Amino acid sequence: MKIDHHLHTSRHSPDSVIEPHQLIRSARDAGLDGVVITEHDYQWREDELADLQESAGDLLVLAGAEISAIEGHMLVYGLPHLDDVPPGVSVRRVLEVAEYHDAVVVAAHPYRWGQDFRAILAQVGARFDGLELVSNNVGAAERSLIESTLSDHPVFGATGSSDAHEPEVVGCYYSVFPEPIRSMHDFVSALRRRRSAPRHHASKRLASGPIEWAARPASHR
């Protein structure tokens with residue numbers, strides 16, 4: 001399945017111009033099988049998702065969140081709520097809360113804005129479930145650093161997503177999963193087992209170039 005799992009809409013992310021139903025149309029046009037909406041420090045309620053899923057047909061619609069931790073942005077999937085991970089929380093706390101709730105954490109665009117991601121790893125350890133290797137907000141320099149980090153830490157999975165804030169960016173990068181994903185539980189399980197493989201859309205602008213990256217063997221925290 002082709003899933004773009006780092007996306008923002010105008011409903012809950014002020015920096016996005018993608019109206020939710022436009023997101024569905026853009027995802028279909030990009031040939032995606034599913035999307036996971038990750039607003040900034042907001043997670044869609046189940047009733048909101050149900051309304052959007054009704055209009056999405058067979059396109060899977062799920063929700064996680066992009067947490068604004070003090071050290072950088074973290075994509076979190078599988079939390080029941082965000083009460084314990086407010087903006088400005090530490091990365092260590094995000095990881096602790098995710099582990100408590102059996103959720104997963106993917107580092108969003110590591111090294112962006114001069115982030116010293118290796119220093120974060122030195123502080124919290126190799127506790128991430130994945131690193132976002134490619135997105136619209138990962139440049140060539142950041143990608144090189146991420147690839148090096150992935151080589152040094154085989155335990156990490158690699159993901160691809162658009163980090164779209166505009167309709168035309170949706171699906172420029174995405175992750176491929178070999179098995180069907182029908183729920184957040186399935187999605188979390190697949191990420192935890194390192195089943196994602198980042199891919200690109202050949203007809204879209206690619207901020208960090210094309211990508212072919214094999215999924216890694218299963219590895220548990």
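As the structure is a prediction and not an experimental result, all values here were calculated from the model.
At a threshold of 4.5 Å between non-hydrogen side-chain atoms, the residues L52 and I24 count as touching. D102 is not listed as a side-chain neighbour of V188, based on a closest heavy-atom distance of 4.5 Å or more.
A continuous path of hydrophobic side-chain contacts links L145 to V155 [ILVMFWY only; heavy atoms under 4.5 Å].
A side-chain donor-acceptor contact under 3.5 Å links Q22 and R25. With no hydrogens or angles considered, no side-chain donor-acceptor pair links S162 and N136 at under 3.5 Å. E132 and H6 are linked by a side-chain donor-acceptor pair at a separation below 3.5 angstrom, with hydrogens and angles left out of the test. Side chains of H8 and E66: a donor on one and an acceptor on the other come within 3.5 Å. Side-chain contact of E142 with S208: a donor-acceptor pair under 3.5 Å is absent, judged by distance alone. S68 and H40 share no side-chain donor-acceptor pair at under 3.5 Å. Side-chain atoms of H165 and D15 form a donor-acceptor pair, as typed in the model, at a separation below 3.5 Å.
The pair E96-R92 does not count as a salt bridge, with every side-chain nitrogen at least 4.0 angstrom from each carboxylate oxygen. Ionic pairing of R11 and E39 is not present here: no N-O contact between side-chain nitrogen and carboxylate oxygen is shorter than 4.0 angstrom. E168 and K204 are not joined by a salt bridge, as no carboxylate oxygen comes within less than 4.0 angstrom of a charged side-chain nitrogen.
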Audit row: V106, Y77, side chain to side chain contact (heavy atoms under 4.5 Å, CB included) steps and yes/no: CA-CA 8 Å; V106 173; Y77 308 99; 4.1 Å; yes
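The aromatic rings of F117 and F128 lie tilted to each other, with the angle between the two planes from 30° to 60°.
Within a 6.0 Å radius of CG in D58, other residues, nucleotides and ligands contribute 12 heavy atoms or fewer.
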